[in-house]
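Here the structure comes first, spelled out in structure tokens, and everything after it is commentary.
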There are 2 protein chains.
Amino acid sequence: MRETKMICTMCGKEYLGEHFRCSCGEPLEIVIEKKTAVNISWRKSGILESFSDLLPELKDFNSLSMGEGLTPLTKIEHAMTDGLELFIKNETINPTWSFKDRGSYLAVLDAINKGYKHIGTVSTGNMAASVAAYSMRAGLKTTILISDSIPEEKISPIAIYGPRILKVKGDYDRLYFKSLELGKKKNIYFANSDIPMRVEGSKTIAFEIFLQLEGRVPDFVIVPTSSGGNVRGIEKGFRELKACGLSNSIPRMIVAQALGCCPIHQAFSSNDNQIEKFAHAHTIAHAIENPFPPSGNAVLRMLKENQGITVAVNEDEILTAQRQLAKRGLFGQPASAVAFASISKLRKEIGVKRAIVVAVLTGSGLKYPAILKEQPSVVEVTDIDSLQDLL
Amino acid sequence: MRETKMICTMCGKEYLGEHFRCSCGEPLEIVIEKKTAVNISWRKSGILESFSDLLPELKDFNSLSMGEGLTPLTKIEHAMTDGLELFIKNETINPTWSFKDRGSYLAVLDAINKGYKHIGTVSTGNMAASVAAYSMRAGLKTTILISDSIPEEKISPIAIYGPRILKVKGDYDRLYFKSLELGKKKNIYFANSDIPMRVEGSKTIAFEIFLQLEGRVPDFVIVPTSSGGNVRGIEKGFRELKACGLSNSIPRMIVAQALGCCPIHQAFSSNDNQIEKFAHAHTIAHAIENPFPPSGNAVLRMLKENQGITVAVNEDEILTAQRQLAKRGLFGQPASAVAFASISKLRKEIGVKRAIVVAVLTGSGLKYPAILKEQPSVVEVTDIDSLQDLL
């Protein structure tokens, strides 16, 4: 098997073999060799076979795949979408009910291909469950590092998969870099949020959207953004489709964040090249509450190239969007609703009138139902026979 | 459009048009007209297009589909499976994370095709969320009847879709029949657990298994069974594949129940033709806790024809199976784990040695996480720098 070539998203330094970040501190990206005739197709056997021409060479051992990806693209009719053709890329329909499964699958395969026996991650939610599921399924030693601020009820749905869980006190951002450092020392593959193989996983979202729209490229793709790995991957996917001649354009990427934690939005709005740690981060959109995203600077560079923008929405807008989407059948976690909440701002701020827009629904609303605190309105019926008058 | 022909599963009386049950009290089943050249294939556009040759004629209005069905069939390696080729049909990967979406989709389409403006159901969990999602998405008036014994935390994930919720005191079994009666009077389509269109939805599980096994028919299909609609549907699917010449055999159906509520198992074991209401039903497998299943008798008749059997497992076996499956990456609700828990009994009781077995994972483990009460084992790390010694 050829060694994977990687390139730094900032300084351009090239790498071969086992690396997670550039020595300059910025994220690496895998280089896909140009082929003459690239073919992508929708195969029920999974993303690896469907998109092998544009993915790193990986062997699936012991049927690791659980049917990640190949998720529906669902059309939304809504007053707000007047003039827009709006689709939801529904990543809640994945083996652990978030987009993370695409990257976890490829990362665990990569680890197995490279001979690792121990896999880890740093996460407080979706990614922890996802890595635990795939790594345990592969029969590998699995360690999940969680922050000590994680709500108790979010631990059981990670623990059920059987990994070792370490709850670490201290700076969560530092933990990201510390884990990569210790991984190198102790031969543990840390499948963290924006490592190159996760970005490859997110790429497949772009390929699927392209196939589902029958070769059309959306004008905008809105992605709830935390570490930045997912939006980078989706952009890379569209970039590669264009590079190999399958498409003529790349969508403008919309980075959607919660006002309560929007370090990328803040830097972008001030025209900075570097993100700063967001002070007092707090939002109901837990899954994207990352005050110092490790791909933040890479996302800023990407947005410039891509003519992308950032949008930030407040807590009320998030909860309203969550309910609006659910009334169209799609129940996402608050972080997911951030993308849908961004649409009206998108119209106002950049004057979008007619366009094809895809918003990514990143994780299931069942992920953290404690958020649905509002007392649901229920009518009490004391007698079955009185039902007739109520219907 | 032709009117759908239906036949009673007991007395054989035939019906045309809008009926949910036979006048004899037993469930009806839709008759699929025999065609000369039947074709089924896996199309990313959904179950209606993939299996149109073997489904009732239905038109999808306003893109109601949200990508229900076409779920993964995932192989399990496990000591317990020695000699068995074991697959999990993972129905948790559906728009509302249970198998119910297949039937809800078809039933809501059927209702729209027939001009109904109001949809209802009687449920305490998976089906309530599923009907709410599809009916609200279709823009129809939606009423969910729930039992007053439902735990409070199960209501929010239904209410989020925006239906009207009536919590009804009184006999839950009576509510099933009462709702059908009121539906007729007030022109409400009650998409209850085992109505003919739901059975058609479950049929598509069989078609997919057949395609995923590349034309092989499993020896056994194990289905966690509550009302009986799902297992009837899956058997009907395999029966139709054989009738139209696509396959040569039908799997033996295994009805899996919890010992805490096993009316079908009880009747089958006593060689009775009729189920009796199960007294003091109580199990952690809430989703299949139905003491008087409306398709119970129909399932007993089916099992006789099919050489099927019933299996019942206790609470410990259910929770152990849930954890065993999660360690292979699949986190199902306790009701789902009942199928996996049944495998060892299957081996013992009917001496199965070599066989292809499919167990249906009916709903996501996130559905009711309150069940994961056990304190997960977490190691507290007070200092990032001490992490090295722990990895």
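So you know, we letter chains A, B, ... as the sequences are listed, proteins then strands, and number each from 1. Everything numeric here is computed off the predicted structure, so don't read it as measured data.
- For the set B/A129, B/G162, B/S130, B/P95, the count of heavy-atom pairs under 4.5 angstrom toward chain A peaks at B/P95.
- When all heavy atoms of B/P72 and A/G67 are compared, the closest pair comes out as CG-CA, 3.7 Å.
- Counting heavy-atom pairs closer than 4.5 Å to chain A, the top-ranked of the candidates B/D383, B/N94, B/N90, B/I88 is B/N94.
- For the atom pair CE (B/M66) and CZ (A/R328), the distance works out to 12.0 Å, reported to the nearest 0.5 Å.
- In this structure the side chain of A/P157 reaches within 4.5 angstrom of the side chain of B/L366, judged on heavy atoms.
- Counting heavy-atom pairs closer than 4.5 Å to chain A, the top-ranked of the candidates B/L325, B/V381, B/I165, B/L73 is B/V381.
- Ranked by heavy-atom pairs shorter than 4.5 Å toward chain B, the options A/L330, A/I160, A/T96 are led by A/I160.
- By the side-chain hydrogen bond (donor to acceptor under 3.5 Å, both in side chains) test, B/T143 pairs with B/H118, sequence neighbours left out.
- Atom CD of A/E77 is separated from atom OG of B/S63 by 6.0 Å, given to the nearest 0.5 angstrom.
- For A/F331, the parts sitting under 4.5 Å from any heavy atom of chain B are the backbone and the side chain alike.
- Separating the OG atom in B/S386 from the CG atom in A/L166 is a distance of 9.5 Å, to the nearest 0.5 Å.
- Of the residues considered (A/E380, A/K367, A/Q212, A/Q388), A/Q388 shows the highest number of contacts with chain B, using heavy-atom pairs under 4.5 Å.
- Of the two parts of A/S364, the backbone and the side chain both hold a non-hydrogen atom closer than 4.5 Å to a non-hydrogen atom of chain B.
- If you measure heavy-atom distances from B/Y161 to chain A, the contacts under 4.5 Å come from both the backbone and the side chain.
- Between A/T92 and B/W97, the shortest heavy-atom contact is O-NE1, 3.3 Å.
- With a threshold of 4.5 angstrom between heavy atoms, A/L145 approaches chain B through side-chain atoms but not through N, CA, C or O.
- Within residues 175-187 of chain A, the residues having any heavy atom under 4.5 Å from a heavy atom of chain B are, by residue number, A/L175, A/K178, A/L182, A/K185, A/K186.
- Between chain A and the options B/R174, B/K75, B/M136, the largest number of non-hydrogen pairs under 4.5 Å is found for B/R174.
- Counting all heavy atoms, side chain and backbone alike, B/K167 lies closest to A/V378 at CB-CG1, 3.6 Å.
- Chosen from B/T142, B/D148, B/L391, the residue pairing most often with chain A at heavy-atom distances under 4.5 Å is B/L391.
- Contacts between A/I93 and chain B at a heavy-atom distance below 4.5 Å involve backbone atoms as well as side-chain atoms.
- No donor-acceptor pair under 3.5 Å is formed between the side chain of A/R137 and the backbone N or O of B/G329.
- Looking at B/E68, there are no atoms closer than 4.5 Å to chain A (heavy atoms on both sides), in backbone or side chain.
- For the set A/T74, A/V168, A/I384, the entry with the most heavy-atom pairs within less than 4.5 Å of chain B is A/I384.
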